[in-house]
Amino acid sequence: MSGLFLNDIRSIEKEKIMSTLEIKNLSHNFGDKRLFNKANLKIYPTDKAGITGLNGVGKTTLINILIGNVLPDEGQIKWNPKIEIGYLDQKVSIDNSLSVFDYLKSAFTKLYTVEEQVNQIGKELETETIVKQQEKLVNRLHSLQEELERKDFYSLESNIQKVSSGLGILAFGLDTPIKNLSGGQRTKVILAKLLLQAPNLLLLDEPTNFLDTIHIEWLIKYLNGFKGAFLIVSHDYNFLNNVVNCVCDIEFSTITKYRGNCDSFKKQKEERQLQYQKDYASQQKEIGQLEDYVRRNIARASTSKMAKSRQKKLNKIEVMDRPTKVIKPTFSFKYKSVGSDIMLKVNDLSIGYNYPLIEHLNMEVKNGDKISISGFNGIGKTTFLKTIYGIIPPLSGTFTYGEKATVGYYEQENIWRNPDWTAIKEIREDFPKLSDKEIRTALASCALKNELTMKPIKTLSGGEQAKIKLCKLTMVPYSMIILDEPTNHLDVTTINHLKKAIKEFEGTIIFVTHDKLFPIEVADDEYDFEKIIYDK
């Protein structure tokens with residue numbers, strides 16, 4: 001509290017009167033894994049909160065508990081009944097026959113109903129002759145019109161245009177049928193509708209996963225001007241750092257709230273961890289001394305009473321959990337040399353599905369280059385990666401690799417042959433000669449805990465599943481590795497090691513990412529598809 005400004009302190013004191021959300025004694029297990037143990041948290045109307053924690057600690061589970069999709073084992077979730085909650089549900093059912101514009105207009109269904117009431121009262125006034133009844137109708141009309149003006153009803157279409165432009169929706173068109181959208185485009189539209197509804201509190205789980213840099217910057221500005229509270233799960237540290245004023249960190253099965261942005265949180269957490277380690281060591285020392293005294297004196301008549309007293313003291317001690325060490329990744333990518341200085345040559349390549357997204361593309365990638373592919377969502381970045389890896393055929397043109405080249409591919413989506421398989425089973429299918437111990441060692445190098453290697457993949461978090469995919473890439477020597485949004489779902493520790501592994505890899509890397517800082521730190525060059533298209 002000492003580092004807060006005076007107005008922050010006043011704000012907190014004010015907020016004590018009424019919270020937006022209160023979590024009391026939340027306990028929840030996922031299988032045999034304890035996610036929360038008597039966790040508590042309060043969110044106030046002015047809180048702009050980020051939810052942080054390592055992969056698998058329960059960030060998404062917490063969101064699902066808050067919206068009622070998951071029932072906790074114990075505890076209470078208390079919402080202020082006066083607030084409206086908006087949740088970014090990427091799997092929500094949508095009428096596919098609607099156009100994007102009509103779907104976004106549905107954010108204002110209640111206001112359109114109010115408008116209908118205004119029109120109906122206008123018609124009634126034309127025929128009403130009783131003065132008192134006229135006065136009632138006029139008062140009701142004024143009240144409804146004030147509501148429409150207060151909620152900016154007459155600027156709705158303008159607001160739809162602004163939000164659609166900011167999130168890149170105009171690039172694929174407001175007239176586009178929902179059924180024709182890709183997964184990423186669909187998520188953008190769902191997010192746009194949520195923002196247009198302007199609830200009192202936003203719950204956003206990885207909102208930047210399908211946004212390009214320019215659209216993330218727009219979302220940052222939007223959230224900085226947002227009048228309500230929000231809770232955001234995101235592994236994009238730079239994004240969170242620019243929008244939050246507090247951080248709710250999940251660790252040791254509890255939730256700790258820190259005031260300030262992510263940089264401030266990091267410093268506070270380091271200090272807290274050091275203090276926790278000291279307190280744990282001190283408590284362990286005290287427990288050891290008490291146990292030793294009881295053991296040596298409980299049988300002696302002269303000291304038995306003292307021993308029993310100390311045993312009572314021992315029984316009352318609430319034993320602190322042992323400080324857990326973060327498992328740091330140690331993986332690296334194996335290199336297979338090629339017989340050419342040119343790793344990839346693209347000649348007059350046109351890519352797409354039913355129609356070209358990019359036409360007549362030419363590029364040359366040298367062996368050892370680290371290349372970032374950029375451009376707005378839907379321009380064809382993932383389509384290009386899938387084309388050069390051979391997942392989809394080119395519409396025209398060619399691409400060739402260097403002699404004896406081998407290529408690895410990291411897919412953006414967590415799609416599995418059988419989600420009921422364990423991580424060990426999944427990897428054994430590709431590497432049948434490896435022992436379980438060798439597979440576990442490989443998974444551990446990607447920071448996947450041993451107890452998770454025998455659980456069904458579908459029960460693992462997005463970040464834990466991503467680590468399995470990374471592990472597979474480390475087990476084969478490659479000349480070139482293609483990475484499609486590799487930072488999605490990964491925690492900061494793993495992302496930092498991935499950067500290190502890319503830099504140290506002798507071969508070629510071609511990647512797509514929405515992470516603004518990632519290309520700056522690892523890429524030798526950038527291919528901006530927007531410039532390639534519009535400069536022609």
Side-chain angles (χ1 to χ4, degrees), residues 1-4 8-9 11-30 33-83 85 87 200-205 228-234 240 244-262 264-280 283 316-324 461:
M1 193 68 80
S2 59
L4 295 175
D8 292 324
I9 297 171
S11 174
I12 293 169
E13 292 300 321
K14 215 173 178 182
E15 288 167 356
K16 286 181 180 177
I17 300 170
M18 181 181 66
S19 61
T20 297
L21 164 68
E22 184 176 5
I23 297 172
K24 295 181 69 175
N25 297 320
L26 173 65
S27 294
H28 189 71
N29 290 356
F30 188 79
K33 183 178 181 180
R34 184 175 66 176
L35 294 179
F36 301 102
N37 182 32
K38 297 182 179 179
N40 295 282
L41 176 68
K42 281 188 178 182
I43 296 296
Y44 296 103
T46 58
D47 280 344
K48 319 292 184 182
I51 301 177
T52 62
L54 296 176
N55 291 138
V57 296
K59 298 184 294 295
T60 296
T61 300
L62 177 62
I63 294 292
N64 281 318
I65 288 173
L66 295 181
I67 63 174
N69 283 353
V70 172
L71 291 177
D73 297 334
E74 294 178 21
Q76 293 179 310
I77 308 296
K78 291 185 177 180
W79 288 102
N80 184 324
K82 295 181 180 179
I83 70 159
I85 304 163
Y87 167 57
N200 304 106
L201 182 136
L202 290 169
L203 291 172
L204 305 178
D205 191 358
F230 57 69
L231 281 166
I232 299 178
V233 174
S234 178
L240 275 185
V244 304
N245 61 18
C246 61
V247 173
C248 304
D249 187 55
I250 303 175
E251 189 178 39
F252 306 130
S253 304
T254 191
I255 309 169
T256 305
K257 186 176 180 181
Y258 298 84
R259 286 281 165 187
N261 63 8
C262 289
S264 175
F265 147 69
K266 187 177 179 182
K267 292 176 184 176
Q268 293 177 66
K269 184 175 180 179
E270 287 172 355
E271 293 171 359
R272 187 185 182 95
Q273 286 175 331
L274 287 172
Q275 188 60 50
Y276 187 92
Q277 290 169 2
K278 289 178 182 178
D279 292 344
Y280 176 80
Q283 188 188 68
K316 290 180 180 179
I317 293 176
E318 190 171 338
V319 180
M320 299 169 67
D321 289 335
R322 180 189 295 275
T324 55
S461 71

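Excluded from the calculations below are hydrogen atoms, water molecules and symmetry mates; all remaining heavy atoms, backbone and side chain alike, are included.
- At most 12 heavy atoms of other shown residues, nucleotides or ligands fall within 6.0 angstrom of atom NZ in K266.
- Considering only residues two or more places apart in sequence or on other chains, Q283 meets the side-chain contact (heavy atoms from CB on, under 4.5 Å) condition with I287, I317, V319, M320.
- Side-chain contact check for D47 versus R259: some heavy-atom pair is nearer than 4.5 Å.
- We find the OH-CG distance between Y87 and L202 to be 13.0 Å, quoted to the nearest 0.5 Å.
- Rounded to the nearest 0.5 angstrom, N40 CG and T254 OG1 are separated by 7.0 Å.
- Here the CD1-SG distance, from I43 to C246, works out to 5.5 Å after rounding to the nearest 0.5 Å.
- Within the model, atoms SG of C248 and CG of L41 stand 4.5 Å from one another, a figure rounded to the nearest 0.5 Å.
- At a cut-off of 3.5 Å, with distance as the only test, no side-chain donor of T20 or N80 sits close to an acceptor on the other residue.
- With rounding to the nearest 0.5 Å, the separation of OH in Y280 from CD in Q275 is 15.5 Å.
- In this structure F252 satisfies the ring pair (Phe, Tyr, Trp, His ring centres under 6.0 Å) test together with Y276, sequence neighbours excluded.
- Not counting sequence neighbours, the partners of A229 by the side-chain contact (heavy atoms from CB on, under 4.5 Å) test are L201.
- For R272, there are no salt bridge (Lys or Arg N to Asp or Glu O under 4.0 Å) partners, not counting sequence neighbours.
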Using distance only, find each side-chain donor-acceptor pair of residues 55-74 under 3.5 Å and give its atom names and separation, not counting sequence neighbours.
{"unit_1": "N55", "atom_1": "OD1", "unit_2": "K467", "atom_2": "NZ", "d": "3.4"}
{"unit_1": "N55", "atom_1": "OD1", "unit_2": "D491", "atom_2": "N", "d": "3.3"}
{"unit_1": "N55", "atom_1": "ND2", "unit_2": "H235", "atom_2": "NE2", "d": "3.3"}
{"unit_1": "N55", "atom_1": "ND2", "unit_2": "H489", "atom_2": "O", "d": "2.6"}
{"unit_1": "K59", "atom_1": "NZ", "unit_2": "G53", "atom_2": "O", "d": "3.0"}
{"unit_1": "K59", "atom_1": "NZ", "unit_2": "L54", "atom_2": "O", "d": "3.0"}
{"unit_1": "T60", "atom_1": "OG1", "unit_2": "D205", "atom_2": "OD2", "d": "2.9"}
{"unit_1": "N64", "atom_1": "ND2", "unit_2": "T60", "atom_2": "O", "d": "3.3"}
{"unit_1": "D73", "atom_1": "OD2", "unit_2": "N29", "atom_2": "N", "d": "2.7"}

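- With sequence neighbours left out, K48 forms a side-chain contact (heavy atoms from CB on, under 4.5 Å) with F226, F230, N245.
- Within the 4.5 Å cutoff, the side chain of V247 has no heavy atoms near those of the T256 side chain.
- Under a 3.5 Å cut-off, the side chain of N37 and the backbone N or O of S27 do not form any donor-acceptor pair.
- Looking at I23 and I77, their side chains come closer than 4.5 Å, going by heavy atoms from C-beta outward.
- Of the inter-residue distances, the one linking K269 atom NZ with E251 atom CD reads 4.0 Å to the nearest 0.5 angstrom.
- At distances below 3.5 Å, at least one donor-acceptor pair connects side-chain atoms of K257 with backbone N or O atoms of K42.
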